[in-house]
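Quick note: residue numbers are just sequence positions, from 1.
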Amino acid sequence: MKKRISELEGRVAKLEERQEETSEKLEIINERVDKIAQEVGEIKRRIYLKTEKGEELIEEETSKSLEEIEENPEEEYREALNLYKMKRLNEARDAFVNFIKKYPKTNLTDNAYFWLGTIYYELGNEERALQILKTLISKCKEGRLPDCNKLPDTYYMLVKIYAEEGNESEAERYLNRLKEEFPDTPLIEKAEKVLYKNE
């Protein structure tokens, strides 16, 4: 009976946590909707003023302004990273997933993959973390991303995860790739300490 009560309490706690996460996400969405509504209102006001003054309405300018509202990868990336820095990991994970879906080929997409892998690692899902980080490597190798400045950090994270799992051969494999491809990075020393700390 006690075991059953304990299980039920655990489920209730999980449901409460999910409800809290959902509420926080709704707040963020509402803030964004309000911001977009304000900016659209401002555009409408400008159009109204132009027509009142008898100026010609430039459709191209209006559509460009709407595009700028909808797509701002730098700001969206910064918001996702801030959530990670605040250790709101589930929200940060969702934000980076959305970023990658929305912006699959920007200079920040490799960073988004890296942080997403890091978040999964910190959430205790090492298997998913490995998948994400390896996806980043393959996309970089295939030239499917315009910037791959996070590759050294990605190799380091793979060394760390495999070393913690006790898979020394895989850890060494990624350490060697780090040495070959980025011989000047200080991450080599860091990765060696992680791998060889028990020796």
Side-chain angles (χ1 to χ4, degrees), residues 17 21 24-25 28-29 31-32 67-68 70-199:
E17 189 183 329
E21 286 174 12
E24 287 174 357
K25 284 177 192 171
I28 291 169
I29 290 165
E31 282 172 18
R32 286 185 182 174
E67 233 174 68
E68 283 169 4
E70 287 169 11
E71 295 197 1
N72 190 341
E74 289 84 5
E75 189 179 324
E76 287 182 43
Y77 172 81
R78 199 163 50 246
E79 282 175 17
L81 192 58
N82 285 337
L83 288 169
Y84 169 72
K85 287 176 180 174
M86 289 188 282
K87 292 300 169 191
R88 290 160 68 176
L89 297 181
N90 289 316
E91 290 173 65
R93 175 198 61 205
D94 294 345
F96 279 120
V97 166
N98 290 334
F99 181 91
I100 290 165
K101 283 179 184 173
K102 195 171 176 183
Y103 308 108
K105 288 183 180 179
T106 72
N107 288 339
L108 293 168
T109 305
D110 68 309
N111 295 52
Y113 270 106
F114 172 77
W115 292 118
L116 183 58
T118 302
I119 288 164
Y120 273 111
Y121 166 75
E122 290 186 22
L123 286 169
N125 191 342
E126 287 85 0
E127 191 178 329
R128 189 76 182 114
L130 290 170
Q131 287 173 353
I132 298 289
L133 295 169
K134 287 178 181 179
T135 298
L136 171 55
I137 291 169
S138 65
K139 282 184 180 287
C140 285
K141 296 299 173 193
E142 291 162 16
R144 288 159 65 194
L145 290 173
D147 192 348
C148 286
N149 69 302
K150 278 292 180 185
L151 259 185
D153 300 86
T154 303
Y155 286 139
Y156 167 74
M157 277 301 292
L158 288 167
V159 172
K160 185 177 178 180
I161 294 169
Y162 279 122
E164 286 175 4
E165 285 182 356
N167 190 338
E168 285 185 20
S169 61
E170 280 299 290
E172 280 185 354
R173 189 161 77 88
Y174 285 104
L175 174 59
N176 289 333
R177 286 180 75 171
L178 182 64
K179 287 176 177 177
E180 285 165 19
E181 294 176 35
F182 305 97
D184 299 324
T185 178
L187 286 169
I188 292 170
E189 189 181 345
K190 202 175 168 186
E192 285 176 334
K193 279 180 184 173
V194 167
L195 183 56
Y196 304 123
K197 63 180 175 184
N198 296 324
E199 292 184 9

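Residues satisfying the side-chain hydrogen bond (donor to acceptor under 3.5 Å, both in side chains) test with E74, not counting sequence neighbours, are none. Under the side-chain hydrogen bond (donor to acceptor under 3.5 Å, both in side chains) criterion, K87 pairs with E122, sequence neighbours left out.
Annotation: cation-pi geometry satisfied between K190 and Y156 (NZ/CZ under 6.0 angstrom from ring centroid, within 45° of ring axis).
With hydrogens and angles ignored, the 3.5 Å screen pairs a side-chain donor or acceptor of D110 with a backbone N or O of N149. In this structure, the side chain of T106 engages the main chain of T109 through a donor-acceptor pair within 3.5 Å.
Ion pairing between E180 and R177 fails under the 4.0 Å rule for side-chain N and carboxylate O.
Donor-acceptor pairing under 3.5 Å is lacking for the side chains of T135 and S138. With hydrogens and angles left out, the side-chain atoms of S169 and N167 include a donor and acceptor closer than 3.5 Å. Between the side chains of R173 and N176, no donor-acceptor pair is found at a separation under 3.5 Å.
With rounding to the nearest 0.5 angstrom, the CD atom of E76 is 13.5 Å from the CG atom of L81. Remark: D153 CG to L136 CG distance equals 10.0 Å, nearest 0.5 Å.
Counting non-hydrogen atoms of other residues, nucleotides and ligands closer than 6.0 Å to NZ of K141 gives a total above 12.
A171 and V159 get closest at one heavy-atom pair: O-CG2, 3.4 Å.
Considering only heavy atoms from C-beta on, Y77 comes within 4.5 Å of W115 through its side chain.
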Would you list the atom pairs, donor with acceptor, under 3.5 Å between side chains in residues 127-134 and any protein atom, with sequence neighbours excluded?
{"unit_1": "R128", "atom_1": "NH1", "unit_2": "Q131", "atom_2": "OE1", "d": "2.8"}
{"unit_1": "K134", "atom_1": "NZ", "unit_2": "Y162", "atom_2": "OH", "d": "2.6"}

